[in-house]
K.L.:
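Please read through the structure below; I'll follow up with questions.
Only this structure's heavy atoms are used, side chains among them; waters, hydrogens and symmetry mates stay out.
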Amino acid sequence: TDERRFTSSLTSLSGNRLLSALTERTVSAGQTDEIALFAEAGSVVIGVEFGGEVEAKRLALYSHSGGLLCYTLEVDKVLALTDNSSLRDFRVSVSVGGEHVASIHYLLRQPSAHNVRLAWLNPYGAIDHYTFHSLGQLLRTNKERIVGADGVRVVRSEGRWEEVLSSGYLPGAVARVLASLLTSPKVWRIDGDEVVALDVTDESMTISDGES
């Protein structure tokens, strides 16, 4: 199996818990996601539920000795379990020792060149992922000016291209969790097998609960 390293968590870990507050996620065909757990010793069952189906289909079964566990969710394997060609979402459930621990709702985005997959270190020491929609790039110019007898003069001009990403409409609670990537010490862009470290700038963010 692949080696998986976790970093320090800001929360004391005990019992059974999902190492993420992001339970509404987006994925596309061909992508993967990480489901990280802190769990007591016991049987760990991971299943998937599709709309309209009464019983969940099993994705994985582990005999866990206790501690950290990371499951790699392969979207293509999930899609292979259903005949629904117009599937828009699915739900993954996690239980430990027969106790329900977490339910994660996945929204399927259609594969597109405008999809941008980001990963970032969350406060639990695990990694969250989300697929955003790229709105394109803009050129941001920083100018250094001095004021003299002959008026204002630009002495240095520096430009850089920045990509603008959109999550689309989100409930307020989900948006606040997603915003943790803006303060994360590590953020990456995932493009197939290529992983690139990013600098994230926060110019503006609008959050609405949709209650008004």
K.L.:
Using 0.5 Å steps for rounding, measure from the CD atom of Q31 to the CZ atom of R109.
P.N.:
9.5 Å
K.L.:
May I have the step-by-step check of side chain to side chain contact (heavy atoms under 4.5 Å, CB included) for L181 and D128, ending in yes or no?
P.N.:
CA-CA 9 Å; L181 77 88; D128 284 334; over 6 Å; no
K.L.:
Before you tell me yes or no, could you show the steps for Y71 and Y62 under side chain to side chain contact (heavy atoms under 4.5 Å, CB included), namely the whole-Å CA-CA distance, both residues' side-chain angles and the distance that decides it to 0.1 Å?
P.N.:
CA-CA 10 Å; Y71 172 72; Y62 295 96; 3.2 Å; yes
K.L.:
Does a side-chain heavy-atom distance below 4.5 Å link I127 with H129?
P.N.:
yes
K.L.:
Under 3.5 Å, side chain of S166 to main-chain N/O of H133, donor-acceptor pair present?
P.N.:
no
K.L.:
Tell me which pairs pass side chain to side chain donor-acceptor pair (under 3.5 Å) where either residue lies in residues 111-121, with sequence neighbours left out.
P.N.:
S28-N115, D33-R117, R117-T131, W120-S180
K.L.:
At their closest point, which heavy atom of L18 faces which heavy atom of A36, and how far apart are they?
P.N.:
CD1-O, 3.4 Å
K.L.:
Taking atom CG of D89 and atom NE2 of H105, what is their separation to the nearest 0.5 Å?
P.N.:
3.5 Å
K.L.:
Is V45 linked to V92 within one hydrophobic cluster, defined over Ile, Leu, Val, Met, Phe, Trp and Tyr using a side-chain heavy-atom separation of less than 4.5 Å?
P.N.:
no
K.L.:
For the CG atom of L107 and the CZ atom of F90, what is their distance to the nearest 0.5 Å?
P.N.:
9.5 Å
K.L.:
Are N16 and E99 close enough that some pair of their side-chain heavy atoms sits under 4.5 Å apart?
P.N.:
yes
K.L.:
Nearest heavy-atom pair of V96 and E40: which atoms, and what distance?
P.N.:
CG1-O, 3.8 Å
K.L.:
Got N122 and L22 here, is their nearest side-chain heavy-atom distance under 4.5 Å?
P.N.:
no
K.L.:
Considering residues, nucleotides and ligands other than D76, do more than 12 of their heavy atoms fall under 6.0 Å from its CG?
P.N.:
yes
K.L.:
Mind checking the OH-OG1 spacing from Y130 to T26? Nearest 0.5 Å is all I need.
P.N.:
4.5 Å
K.L.:
Measuring from H64:NE2 to F38:CZ, what's the distance to the nearest 0.5 Å?
P.N.:
7.5 Å
K.L.:
Hey, could you give me the CG/OG1 distance between L73 and T32, rounded to the nearest 0.5 Å?
P.N.:
8.0 Å
K.L.:
Output, in order, the C-alpha distance, side-chain angles, deciding distance and verdict of side chain to side chain contact (heavy atoms under 4.5 Å, CB included) for Y106 and V75.
P.N.:
CA-CA 10 Å; Y106 287 90; V75 178; over 6 Å; no
K.L.:
When you compare the side chain of F50 with that of D83, does any pair of heavy atoms fall below 4.5 Å?
P.N.:
no
K.L.:
For S103 and T23, what are the C-alpha separation, side-chain angles and deciding distance, and is it a side chain to side chain contact (heavy atoms under 4.5 Å, CB included)?
P.N.:
CA-CA 7 Å; S103 181; T23 55; over 6 Å; no
K.L.:
At their closest point, which heavy atom of L87 faces which heavy atom of L108, and how far apart are they?
P.N.:
O-CD1, 3.6 Å
